[in-house]
Amino acid sequence: FKHYNGFKKPVVIQIKTNTFRLIRNMRKRQDSWKSIISRLLNDAKMFKNIDKLSDAIILNNFSINDCAEKLYRIIK
């Protein structure tokens with residue numbers, strides 16, 4: 001929120017997906033192993049404190065529709 005200058009309090013919604021699913025999705029779109037490892041390491045670094053900042057956490061281990069429904073219930 002370092003660069004946010006608005007008057008409304010931002011809401012942080014974290015969508016968690018297990019690492020195996022992330023890898024599977026990246027392989028499906030034909031990402032290289034080097035790219036996948038780089039992405040996972042970068043994500044771990046960039047989001048290391050996200051649990052502390054999150055107002056809500058959605059576990060995305062099922063269908064995209066299930067995830068979207070949970071997100072909708074949070075923001076409505």
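Keep in mind that the numbers below use all heavy atoms, side chains included, and drop hydrogens, waters and symmetry copies.
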Identify each donor-acceptor pair in which a side-chain atom of residues 10-18 lies under 3.5 Å from a protein atom, sequence neighbours left out, and give them as a table.
from : atom 1 : to  : atom 2 : distance (Å)
Q14  : NE2    : D51 : OD1    : 2.9
Q14  : NE2    : S54 : OG     : 3.1
T17  : OG1    : N60 : ND2    : 3.4
N18  : OD1    : F20 : N      : 3.2
N18  : OD1    : R21 : N      : 2.7

Pairwise side-chain hydrogen bond (donor to acceptor under 3.5 Å, both in side chains) hits with a residue in residues 67-76, at least two apart: D66-K70, E69-R73

Could you go through residues 35-43 and list every donor-acceptor pair under 3.5 Å that involves a side-chain atom there, pairing it with any protein atom two or more places apart or in another chain?
from : atom 1 : to  : atom 2 : distance (Å)
R39  : NE     : D43 : OD1    : 3.4
R39  : NE     : D43 : OD2    : 3.0

